[in-house]
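I have placed the structure first, in the form of structure tokens, so that the comments after it can refer back to it.
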Amino acid sequence: MRIEKCWFCSSSIYPGHGIMFVRNDCKTFRFCRSKCHKHFKMKHNPRKLKWTKAYRRARGKEMVVDSTFNFEKKRLTPTRYNRNLMVKTVRAMQIVERIRSVRKERFHKARLAAQLRQRQSSAQKEIAKSAHLLEGPNKEKALRYQKEFAGSTKAKARQKVKVEKAAKAGSMEVEE
């Protein structure tokens, strides 16, 4: 039993399901449902539709590079039946699936943590800007945030100056 992938959205197509389109040059396209087939006929780009796997990969929402994907490609090549090989392959598939699920979970946690840090820092910047409006312990916290952001902006400005000086010095050496 071979489980195919939809050409448009990359979802699984089980035997007896989906639509197969064969172009005049004998290239075959498999689609999981009529929605994917219609979008293909309308020449829509799967990377621009949010519900496709291509969109999620292009925007960094899914893992793109992982060694477990190579195993799946090897698994799809037809080979002569050998019972021992099949047993080993099934065991290896289970192990690879466990590894992939752990890596996927780790990837999603890191992605969500980065989003949370960004949201928190933008909220802290907003608090630091309007520190004069707050009273009580919140004002102290806002002043602390204000000092942190002032220090970080100064450090960034110093780095820019160092880079510009280094670039100027490098260009002067070339001119001499």
Check the pair L49 / F8 against side chain to side chain contact (heavy atoms under 4.5 Å, CB included), numbers first and verdict last. CA-CA 10 Å; L49 296 172; F8 198 81; 3.5 Å; yes

Between F40 and F31, is a ring-ring contact (aromatic ring centres under 6.0 Å, His included) present by the stated rule, with each step listed? CA-CA 9 Å; F40 175 79; F31 304 103; 5.0 Å; yes

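Applying the side chain to side chain donor-acceptor pair (under 3.5 Å) rule to pairs touching residues 8-20 yields nothing, sequence neighbours excluded. Applying the side chain to side chain donor-acceptor pair (under 3.5 Å) rule to pairs touching residues 30-39 yields H39-H44, sequence neighbours excluded.
The salt bridge (charged side-chain N to carboxylate O under 4.0 Å, His left out) check on R56 picks up E62, with sequence neighbours excluded. Partners of N84 under the side-chain contact (heavy atoms from CB on, under 4.5 Å) rule, at least two apart in sequence or in another chain, are N82. Taking the salt bridge (charged side-chain N to carboxylate O under 4.0 Å, His left out) definition, one finds that R59 meets it with nothing, sequence neighbours left out. Q115 is linked by a side-chain contact (heavy atoms from CB on, under 4.5 Å) to R111, L112, R119, counting only residues two or more places apart in sequence or in another chain. For K88, there are no side-chain contact (heavy atoms from CB on, under 4.5 Å) partners at least two apart in sequence or on another chain. Residues that satisfy the salt bridge (charged side-chain N to carboxylate O under 4.0 Å, His left out) test with R98, not counting sequence neighbours, are absent from this structure.
Using a 4.0 Å cut-off between charged nitrogen and carboxylate oxygen, D25 and K27 do not count as a salt-bridge pair.
Hydrophobic clustering, defined by side-chain heavy atoms of Ile, Leu, Val, Met, Phe, Trp and Tyr closer than 4.5 Å, groups Y81 together with M86. In the hydrophobic clustering, I13 connects to no other residue, as no ILVMFWY side-chain heavy atoms lie under 4.5 Å from its own. Through direct or indirect side-chain contacts shorter than 4.5 Å among Ile, Leu, Val, Met, Phe, Trp and Tyr, I95 is connected to I99. The hydrophobic cluster of V87 has no other members, since no ILVMFWY side-chain heavy atom comes under 4.5 Å of it.
No chain of hydrophobic side-chain contacts below 4.5 Å, direct or via other Ile, Leu, Val, Met, Phe, Trp or Tyr residues, connects Y55 to F107.
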